[in-house]
Amino acid sequence: MRGSISSILFDADQIQTRVAELGAEISRDYQGSEVFAVCLLKGSFVFTADLIRHITVPTRVDVMRASSYGSGTVSSGSVKVLYDLDADVADKDVLIVEDIVDTGRTLAKTLHLLRARNPRSLKIVSMLDKPSRREPDINIEIDYTGFQIEDHFVVGYGLDFDEYYRNLPYIGILNPNS
Ligand code: IMP
């Protein structure tokens, strides 16, 4: 396994508190309707699992995998759908669950794809947002954000570096060279 954690940005307690707040906010906003959560694999599986347990309205979950990164920390710039949803999202209140929005390319592509399938509504919840990294041509509004962060490469709580570190209960800054 390469790299090491140089510092902890959010510990497990901070994450769990924030996830509970997000769940409560979402539950309020979706009162009287249902949530169709779309977990964007792989990074969002931990966040999705925690978040849905704080949502009190009827909730379904499906998974989808779109990828913009090869191995390591550098974006390849292109996005591919590697695994699509099982369900038809037409007329559903879709909530995309994302781990982190960086350049925004993955999410922009996913939004475009899902919008064409005519959901009743389409919202985004992201655990982390790195606004300083957003590509200038990409204009995405995140409806629910866990934490905004500076331009660090972070791992843990589902986020990986070369597939490692997803199991960490906290979110830490990676030093890829040690
Ligand atoms: P974007 O298309 O550049 O916004 O990249 C989004 C995807 O890249 C995320 O869903 C993550 O899987 C991955 N990613 C972006 N930044 C980080 C990071 O700091 N650590 C780990 N993965 C990241």
Side-chain angles (χ1 to χ4, degrees), residues 1-12 14-15 18-19 22 26 37-52 61-85 89 94-116 122-178:
M1 183 168 94
R2 289 197 291 141
S4 63
I5 305 297
S6 59
S7 64
I8 294 178
L9 261 189
F10 305 108
D11 66 26
Q14 287 172 300
I15 293 171
R18 189 66 192 120
V19 172
L22 289 172
I26 290 165
V38 170
C39 168
L40 293 187
L41 296 174
K42 296 183 193 173
S44 303
F45 75 99
V46 178
F47 176 40
T48 304
D50 282 347
L51 180 69
I52 59 171
V61 185
D62 202 349
V63 297
M64 177 173 187
R65 189 164 174 214
S67 172
S68 70
Y69 277 73
S71 63
T73 58
V74 183
S75 171
S76 67
S78 64
V79 181
K80 274 201 294 188
V81 173
L82 304 171
Y83 183 85
D84 209 342
L85 298 173
V89 296
V94 173
L95 178 65
I96 297 178
V97 185
E98 180 63 300
D99 52 357
I100 185 166
V101 183
D102 187 39
T103 65
R105 292 227 164 274
T106 314
L107 198 52
K109 167 92 179 176
T110 308
L111 276 170
H112 184 74
L113 245 149
L114 292 182
R115 245 185 228 122
L122 188 54
K123 287 190 174 189
I124 302 161
V125 55
S126 184
M127 187 60 201
L128 299 174
D129 181 19
K130 279 196 240 179
S132 65
R133 290 265 306 157
R134 205 75 88 251
E135 300 266 315
D137 60 317
I138 290 184
N139 187 14
I140 292 173
E141 228 177 89
I142 304 174
D143 300 279
Y144 310 95
T145 304
F147 302 107
Q148 286 201 345
I149 63 168
E150 305 287 311
D151 182 12
H152 301 297
F153 193 84
V154 292
V155 293
Y157 199 63
L159 288 154
D160 77 305
F161 175 57
D162 281 351
E163 294 300 326
Y164 290 100
Y165 299 103
R166 294 192 197 275
N167 55 313
L168 299 180
Y170 58 84
I171 294 169
I173 297 176
L174 183 86
N175 177 355
N177 302 314
S178 64

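Worth knowing before you read on, the calculation uses all heavy atoms, side chains too, and leaves out hydrogens, waters and symmetry mates. Numbering of ligands and ligand atoms starts at 1, following listing order. In what follows, residues are counted from 1 in the order of the sequence shown.
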Any non-hydrogen atom of His152 lying under 4.0 Å from ligand 1?
yes
Against heavy atoms of Glu98, which atoms of ligand 1 measure under 4.0 Å?
10 (O)
Check this for me: does any side-chain nitrogen of one of Asp129 and Arg134 sit under 4.0 Å from a carboxylate oxygen of the other?
yes
So for atom CD, which belongs to Glu163, do other residues, nucleotides or ligands contribute more than 12 heavy atoms lying within a distance under 6.0 Å?
yes
Between Met127 and Leu51, is there a side-chain heavy-atom distance shorter than 4.5 Å?
no
Under the side chain to side chain donor-acceptor pair (under 3.5 Å) test, which residues partner Asp50, sequence neighbours left out?
Gln16, Arg53, Tyr157
Measure from the side-chain N and O atoms of Ser44 to the backbone N and O of Asp99, and report whether any donor-acceptor pair falls under 3.5 Å.
yes
Do ligand 1 and Val101 have nitrogen or oxygen atoms that lie under 3.5 Å from each other?
no
Going by heavy-atom distance to atom 20 (N) of ligand 1, choose the closest among Val155, Val154, Thr103, Thr110.
Val154
Which bit of Asp99 gets closer than 4.0 Å to ligand 1, counting heavy atoms only: side chain, backbone, both or neither?
side chain
Test item: Thr145 side-chain N/O and Phe147 main-chain N/O as donor-acceptor pair under 3.5 Å
no
Does Leu107 come within less than 4.0 angstrom of ligand 1, counting non-hydrogen atoms of the residue?
no
Using a 4.0 Å heavy-atom threshold (strictly under), name the region of Lys130 that reaches ligand 1: side chain, backbone, both or neither.
side chain
The atoms of ligand 1 lying under 4.0 Å from a heavy atom of Thr106, numbered in the order shown, are 1 (P), 2 (O), 5 (O), 6 (C)
Once you restrict to heavy atoms under 4.0 Å, what part of Asp102 touches ligand 1? Side chain, backbone, both or neither.
both
Answer with side chain, backbone, both or neither: which part of Asp160 has a heavy atom less than 4.0 angstrom from an atom of ligand 1?
backbone
Need the ligand 1 atom indices (1-based, order shown) with element for anything under 4.0 Å from a heavy-atom of Arg105.
2 (O), 4 (O)
Give a yes or no answer on whether the side chain of Tyr165 reaches the backbone of Gly3 with a donor-acceptor pair at less than 3.5 Å.
yes
Presence of salt bridge, Asp162 and Arg2, under 4.0 angstrom:
yes
Leu159: numbered ligand 1 atoms lying under 4.0 Å from its heavy atoms
21 (C), 22 (N)
